[in-house]
Amino acid sequence: MPEGPSILLMKESIQKFEGEKVIEAGGNAKIDKEILTGRTLKQIKTFGKQTYLVFDDVAVRIHLLMFGSHSVDEQTKPDRQLRLSLIFSNGSMYFYTCNVKMVDTEFLKKIDWEADVMSDNWKPLKAEKKLKSNPEMMVCDALMDQDIFSGVGNIIKNEVLFRIGVQPESLLGKMPPKKIKELIKEARNYSFDFLEWKRDFTLKKHWKAHTKKICPKCGENLIKKQTGKGKRRSFYCEIDQELYQ
DNA sequence: TGCCATGTTAAACT
DNA sequence: GAGTTTAACATGGC
């Protein structure tokens with residue numbers, strides 16, 4: 001579930017609670033839930049894979065990690081441990097298997113919102129600068145770097161690299177400037193394609209490389225390999241994706 | 001049925 | 001102290 005586009009969909013699904021007052025907070029999250037009772041949910045903000053439920057002077061940060069999920073106005077209780085629930089007069093939201101943290105609203109001011117690839121404030125030039133200052137970095141690590149491409153996850157990484165024809169272990173400093181520009185453009189572009197496909201429940205159908213065995217361009221076998229510092233799995237075609245090193 | 005994974009942090013190492 | 005590796009979290013899909 002939890003790459004940037006999925007988080008935007010989650011935000012949409014809980015948008016109706018913005019401006020509503022918390023009647024009750026529950027779940028096993030290790031935060032002081034009591035203080036939320038009676039407070040108004042002022043705003044819901046997302047930054048990459050993180051969601052912030054903003055109240056007057058505090059914000060609840062929710063990160064779905066790898067297997068997190070959520071539901072709205074659920075009728076029957078799933079047999080999972082409830083991490084956090086917020087009950088409002090017009091319904092309720094539930095979060096499971098996620099990291100929940102209470103932060104000061106001051107904390108929000110320190111976030112580099114312009115690093116969020118799906119945000120209106122996304123600054124491609126800023127990303128370009130960050131990439132230029134890391135010539136030794138592998139492109140697969142760069143895409144997964146939440147300070148550069150906040151919201152991009154492993155699926156997006158694999159699909160973007162396939163689209164622009166770049167091998168995941170390519171070094172940023174060795175890639176032609178044109179490729180760097182394509183990289184930045186597609187990181188955002190593909191994220192929005194992901195968003196629409198996810199909304200239509202057709203995301204997997206559109207995967208070209210991720211978890212695939214055969215290259216859709218040339219028909220050869222795709223390589224599956226753990227790449228980069230993060231050692232996350234990459235799927236790529238040796239013929240159609242050039243290695244810059 | 002067992003293994004693996006769309007992610008991150010912190011502890012435990014070297 | 002820096003950098004690297006491992007564990008922990010806990011669930012759904014194949």
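Just so it is clear: chains get the letters A, B, ... in the order the sequence lines come, proteins before strands, and each one is counted from 1.
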Novice: What distance separates Leu64(A) CG from Thr97(A) OG1, expressed to the nearest 0.5 Å?
Specialist: 8.0 Å
Novice: With rounding to the closest Å, how many angstrom separate the P atoms on dA7(C) and dC4(B)?
Specialist: 15 Å
Novice: Thinking salt bridges, do Asp57(A) and Arg39(A) make one under a 4.0 Å N-O criterion?
Specialist: yes
Novice: Determine: side-chain N/O of His63(A) to OP1/OP2 of dG7(B), distance under 4.0 Å, yes or no.
Specialist: no
Novice: Is the phosphate of dT8(B), meaning OP1 or OP2, less than 4.0 Å from a side-chain N or O of Lys49(A)?
Specialist: yes
Novice: Dot-bracket for DNA chain C, please, read 5' to 3', with Watson-Crick or G-U wobble pairs under 3.5 Å on both distances, ( ) within the strand, [ ] crossing, | other strand, . unpaired.
Specialist: .||||||||.||||
Novice: Give me the residues of residues 143-167 of chain A where at least one heavy atom lies under 4.0 Å from an atom of DNA chain B, by number, or none.
Specialist: Met144(A), Gln146(A), Gly153(A), Asn154(A), Ile155(A)
Novice: Quick one about His70(A) and Ser13(A) (side-chain donor to acceptor, distance below 3.5 Å, no hydrogens or angles considered), yes or no?
Specialist: yes
Novice: For the pair made of CD in Glu3(A) and P in dT8(B), what is the distance, rounded to whole Å?
Specialist: 9 Å
Novice: Between NZ of Lys33(A) and OG of Ser85(A), what distance do you get to the nearest 0.5 Å?
Specialist: 8.5 Å
Novice: Could you check how far CD of Gln226(A) sits from P of dC3(B), rounded to whole Å?
Specialist: 17 Å
Novice: Taking only residues two or more places apart in sequence or in another chain, which ones pass side chain to side chain contact (heavy atoms under 4.5 Å, CB included) with Lys181(A)?
Specialist: Glu128(A)
Novice: Check whether any side-chain N or O of Lys204(A) sits under 4.0 Å from OP1 or OP2 of dC14(C), and answer yes or no.
Specialist: yes
Novice: Can you check the His210(A) NE2 to dC4(B) P distance for me, whole Å?
Specialist: 15 Å
Novice: Taking NZ, NE, NH1 and NH2 as the nitrogens, is one of them in Lys198(A) or Glu3(A) under 4.0 Å from a carboxylate oxygen of the other?
Specialist: no
Novice: What interatomic distance, in whole Å, is found between C1' of dT6(B) and the corresponding atom of dT5(C)?
Specialist: 23 Å
Novice: With a cut-off of less than 4.0 Å, is there a side-chain N or O of Arg232(A) near OP1 or OP2 of dT6(B)?
Specialist: yes
Novice: At under 4.0 Å between heavy atoms, how does the protein contact nucleotides 6-12 of chain C? Give one character per nucleotide, 5' to 3', with B, S or -.
Specialist: ----BBS
Novice: Calculate the interatomic distance between Lys229(A) atom NZ and dG3(C) atom P; express it in whole Å.
Specialist: 9 Å
Novice: Give the nucleotide from the list dG13(C), dT5(C), dG7(B) with an atom nearest to the side chain of Lys231(A).
Specialist: dT5(C)
Novice: Side chains of Gln15(A) and Glu12(A) only: does a donor on one sit below 3.5 Å from an acceptor on the other?
Specialist: no
Novice: Without decimals, in angstroms, what is the distance between Leu203(A) CG and dA5(B) P?
Specialist: 17 Å
Novice: How many angstroms lie between CZ in Arg232(A) and OG1 in Thr227(A), if you round to the nearest 0.5 Å?
Specialist: 9.5 Å
Novice: Calculate the interatomic distance between Phe47(A) atom CZ and dT8(B) atom C1'; express it in whole Å.
Specialist: 14 Å
Novice: Tabulate below the donor-acceptor pairs under 3.5 Å that side-chain atoms of residues 138-166 of chain A make, not counting sequence neighbours, or state none.
Specialist:
| residue | atom | partner | partner atom | Å |
| --- | --- | --- | --- | --- |
| Asp141(A) | OD1 | Lys229(A) | N | 3.0 |
| Asp141(A) | OD1 | Gly230(A) | N | 3.4 |
| Asp141(A) | OD2 | Lys229(A) | N | 2.8 |
| Asp145(A) | OD1 | Asp147(A) | N | 2.8 |
| Gln146(A) | OE1 | Gly151(A) | N | 3.0 |
| Gln146(A) | NE2 | Met144(A) | O | 3.1 |
| Gln146(A) | NE2 | Val152(A) | O | 2.9 |
| Ser150(A) | OG | Gly48(A) | N | 3.4 |
| Asn154(A) | OD1 | Lys157(A) | NZ | 2.7 |
| Asn154(A) | ND2 | Arg233(A) | O | 3.1 |
| Lys157(A) | NZ | Arg233(A) | O | 3.4 |
| Lys157(A) | NZ | Ser234(A) | OG | 3.0 |
| Asn158(A) | OD1 | Phe235(A) | N | 3.2 |
| Asn158(A) | ND2 | Asn154(A) | O | 3.3 |
| Asn158(A) | ND2 | Arg233(A) | O | 3.3 |
| Glu159(A) | OE1 | Lys208(A) | N | 2.9 |
| Glu159(A) | OE2 | Lys208(A) | N | 3.2 |
| Glu159(A) | OE2 | Ala209(A) | N | 3.0 |
| Glu159(A) | OE2 | His210(A) | N | 2.8 |
| Arg163(A) | NH1 | Glu186(A) | OE1 | 2.8 |
| Arg163(A) | NH1 | Asp193(A) | OD2 | 3.1 |
| Arg163(A) | NH2 | Asp193(A) | OD2 | 2.7 |

Novice: To the closest 0.5 Å, what do you measure between NZ (Lys49(A)) and CD1 (Ile7(A))?
Specialist: 9.0 Å
Novice: Please confirm whether the shortest side-chain N or O distance from Arg233(A) to OP1 or OP2 of dT6(B) is below 4.0 Å.
Specialist: yes
Novice: Which pairs of donor and acceptor atoms, one on a side chain in residues 213-225 of chain A, lie under 3.5 Å apart (sequence neighbours left out)?
Specialist:
| residue | atom | partner | partner atom | Å |
| --- | --- | --- | --- | --- |
| Lys225(A) | NZ | Glu169(A) | OE1 | 3.2 |
| Lys225(A) | NZ | Glu169(A) | OE2 | 2.9 |

Novice: Closer than 4.0 angstrom, basic N to acidic O: yes or no for Lys185(A) and Glu182(A)?
Specialist: no
